[in-house]
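Order of listing sets the numbers, starting from 1, for every ligand and every atom in it. FYI, side chains are in, hydrogens and waters are out, and symmetry mates aren't considered; it's all heavy atoms of this structure.
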Amino acid sequence: MDNIVIVRVDEIGLKSKNKILFMKQLKFNIESKFKDLFSCKIVGNRIYLLPKYSFNNRDLENLKKIFGISSFSVAKKIDKDFEKMKEEAYKLVAESLNDDVNSTKSFRISVNRADKSFPMKSPEIAGEIGEFVLSKLPQLTVDLTHPDINLEIDIRPEGVYLFKDRIKGAAGLPVGVSSTGTILLSGGIDSPVASLLMLRRGMVINAVNFYSPPFTGPKSLDKIIKIGAIISEYTPFPFHLYVVPLTKIQMLFKNLEENQFSVVLQRRSMMRIAQKVSDITDTKVLITGESLGQVASQTVENILTISESTQKVIFRPLIGFTKNETIKISKNFGLYETSILPYEDSCSIFVPKNPATKTQLNKIKKIETALPQISELEEEALQESKKFEIKNGNIEEIDVFKILKGGVL
Ligand code: ATP
Ligand code: MG
C-alpha cells in the first residue's frame, strides 16, 4: 500500500527535553483510536500512519479529535527517482481536476529537500516538474502565491512523499502529558468547553456534575451524559463522570432567611464535594468554566469567596473569554447543539431573586458554622452519586470512584 498519512505535531519545537515523551503519548493516542486501521511510526518530528487496508477520507475524521496534531496529509510514498516523481506529480494534479479536462485551475509545485544528498536542488526540481505537468496539462497556469492546487513534494532519506492538502488538526498537546484534573461540569455551554480546553493542554480529566432530583428530570441526566459522551471522543482515556444529587443541600440554603447568599453557599458546597472526588480519584487540580463577571457568582469577590472553600488549585481556562468566543469554540467542538438543549440545570432552579454580587467571607462562614449538618449532607450526596465510565462515546454505569491515571509514560 503506497498511500500513507503524515501527521505533523503541534508545539513540538518548544519541547526539546520532553519531545520523545510527547511523541510517544501522541502515538499511543492515535493508536488507541486507529489500531485496526493503521500502524504508527515516529520518524523525527512526525508520525507516519501506515494503513493496514485501504481507507478513505471519512476514516480520517477522528484524527481531527486528537489533540497534539497540527496538521495531517494523505501522501503518496515513492522511491527517490526523479522520473517517478514527475509522473506521480502529474497524476496527482490531474486527479484534482476531477475529470474536468478543460479546467483552467492554477497550480504550484512546492519542494522540500530534507534529504540533502538528493542530487538536484529544490527550485530546479520544482521548475522541471512544473514544466512537465504543464506540458501534459497545458490549460493550467502556474501561480506561486495563491494556487488552486498546491502539490508538495517532500524528499526524505527514506523516500519521497507527495501530497496536496494539509488538513488542520486539533492542535495543542497530546492528552496524557499534563497530569490530571477534576472539572465541575454543568450541562451549560461554558464548562464543557473548559473540559476540552484542558484536554487540549494535555490534561487527563474526570468530571463532577450536580443535579437536583426530582426537580431536574431524567432528561437533564441524559443531557449531561450526552455531553460526557462528546467529551470522551477527544481523549484516549476512559472519561469518568460522577453525578451528585445536591437537592438536600440546596433546600437547606434556599430556606435561609438571607437567601441572597444561596448561590455562593451552594457553590462552596460544590467545591468541597468536587475536592473530595478529586482526592478520592487522585487528581491534582479542580477546573471550572467560570468567566469573570459573566453572572452574579462570577464577580472577583464571589470567586474569592467560592475559592476559599477548597485548598485545591482551581483552573479557570475561560476566565478572560467573551461568551461569543466560548460559543464559537463550543460549536467547533460539536458541543453546542447539546449544550443548548432546554433541560434545567441544577443551579438555575434554586437561584434567588436577587443573588448577592459581593459576598463577605466572614458572613458566609458564619452562616455555614450555624449549619453543622452541611458536611454530613455533602458526604451523603457523594455516597448517593451515580457513576459513569464513557469510552469513545460508549456509556457504562459503574459502582466505584476510579483513580485517574495520567499519561502512559
Ligand atoms: P456553564 O455554562 O458551565 O454552566 P455558567 O455560565 O452557567 O457556566 P455558572 O452557572 O455560574 O456559569 O457556573 C459556573 C461554573 O460552576 C460552571 O462553569 C461549572 O464549572 C460550575 N457549575 C455550575 N453548575 C454546575 C453543576 N450543576 N454541576 C457541576 N458544575 C457546575
Ligand atoms: Mg450553568
Side-chain angles (χ1 to χ4, degrees), residues 181-198 205-213 215-217 219-221 223-225 227-228 230-231 240-247 249-250 253 262-278 285-307 309-310 312 314-331 333 335-336 338-352 355-357 359 378 381-382 385-386 388:
T182 295
I183 176 118
L184 286 84
L185 182 67
S186 77
I189 294 169
D190 298 4
S191 41
V193 169
S195 309
L196 285 181
L197 293 184
M198 294 319 298
I205 58 168
N206 59 16
V208 185
N209 170 258
F210 298 95
Y211 76 138
S212 315
F215 300 99
T216 54
K219 287 205 164 161
S220 325
L221 188 61
K223 178 178 171 182
I224 194 68
I225 291 173
I227 285 176
I230 297 172
I231 294 172
H240 301 134
L241 169 66
Y242 304 111
V243 185
V244 180
L246 202 66
T247 321
I249 295 166
Q250 288 173 311
F253 296 143
S262 64
V263 172
V264 171
L265 287 162
Q266 170 180 315
R267 279 293 147 76
R268 282 169 60 89
S269 265
M270 285 185 178
M271 280 294 168
R272 285 188 293 263
I273 295 171
Q275 171 175 323
K276 282 195 180 163
V277 172
S278 166
V285 297
L286 298 179
I287 306 154
T288 72
E290 286 160 310
S291 156
L292 187 61
Q294 196 180 79
V295 289
S297 59
Q298 296 176 19
T299 61
V300 170
E301 290 79 3
N302 283 350
I303 286 180
L304 285 173
T305 310
I306 293 165
S307 300
S309 60
T310 173
K312 290 261 166 182
I314 304 167
F315 282 7
R316 297 178 173 88
L318 302 183
I319 198 74
F321 281 41
T322 67
K323 195 75 189 182
N324 278 337
E325 285 166 344
T326 306
I327 287 174
K328 198 167 159 208
I329 302 175
S330 171
K331 286 180 178 167
F333 282 135
L335 286 161
Y336 189 69
T338 310
S339 279
I340 58 171
L341 289 174
Y343 311 117
E344 290 282 17
D345 177 50
S346 113
C347 301
S348 43
I349 290 179
F350 291 92
V351 173
T357 51
T359 45
E378 287 170 357
L382 200 61
S385 63
K386 288 180 182 290
F388 300 93

| Backbone or side chain, does any N or O of Phe210 fall under 3.5 Å from an N or O of ligand 1? | yes
| field | Steps toward side chain to side chain contact (heavy atoms under 4.5 Å, CB included) verdict (Phe210, Ile249) | value | CA-CA 11 Å; Phe210 298 95; Ile249 295 166; over 6 Å; no
| query | What residues form a salt bridge (Lys or Arg N to Asp or Glu O under 4.0 Å) with Arg272, not counting sequence neighbours? | reply | Glu368, Glu378
| said: In this structure, does ligand 1 have an atom that sits under 4.0 Å from one of the heavy atoms of Val208? | reply: yes
| field | Flag if over 12 foreign heavy atoms under 6.0 Å of NZ, Lys323 | value | yes
| note | Here the atoms of ligand 1 under 4.0 Å from any heavy atom belonging to Asn209 are 28 (N), 29 (C)
| task | Give the contacting part of Ile183 toward ligand 1: side chain, backbone, both or neither, where contact means a heavy-atom distance below 4.0 Å. | result | neither
| Do Arg316 and Ser307 meet the criterion of a side-chain donor-acceptor pair at a distance under 3.5 Å? | yes
| Just how far is it from atom OG of Ser385 to atom CG of Leu246, taken to the nearest 0.5 Å? | 12.0 Å
| task | For Gly289, take its heavy atoms, then give the atoms of ligand 1 lying under 4.0 Å from any of them. | result | 17 (C), 18 (O), 20 (O)
| message | How long is the straight-line distance from CD1 of Ile183 back to CG of Leu196, given to the nearest 0.5 Å? | response | 9.0 Å
| said: Considering Leu184, Ile224, Val263, Val243 one by one, which has a heavy atom nearer to atom 20 (O) of ligand 1 than any of the others? | reply: Leu184
| task | Output the list of atoms in ligand 1 that are nearer than 4.0 Å to some heavy atom of Ile189, sorted by atom number. | result | 2 (O)
| message | One residue to check: Leu185. Relative to ligand 1, which of side chain, backbone, both or neither has a non-hydrogen atom less than 4.0 Å away? | response | backbone
| remark: Heavy-atom proximity to atom 16 (O) of ligand 1, picking from Arg267, Met270, Gln266, points to Arg267
| With atoms numbered from 1 as shown, which atoms in ligand 1 lie under 4.0 angstrom from a non-hydrogen atom of Thr288? | 20 (O)
| request: State, yes or no, whether a side-chain contact exists between Leu241 and Ile231 at a heavy-atom distance under 4.5 Å. | output: no
| request: Pick, from Gly188, Ser186, Ala194, the option with the minimum heavy-atom distance to atom 4 (O) of ligand 1. | output: Ser186
| task | Please name all residues satisfying side-chain contact (heavy atoms from CB on, under 4.5 Å) with Thr310, sequence neighbours left out, ordered by chain then number. | result | Met271, Gln275, Leu286, Lys312, Ile314
| message | In the structure I gave you, are the side-chain heavy atoms of Phe321 and Ile329 within less than 4.5 Å of one another anywhere? | response | yes
| Does ligand 1 have a heavy atom under 4.0 Å from the side chain of Lys323, from its backbone, from both, or from neither? | side chain
| message | Show me which atoms of ligand 1 lie under 4.0 Å from any heavy atom of Glu290. | response | 14 (C), 15 (C), 18 (O)
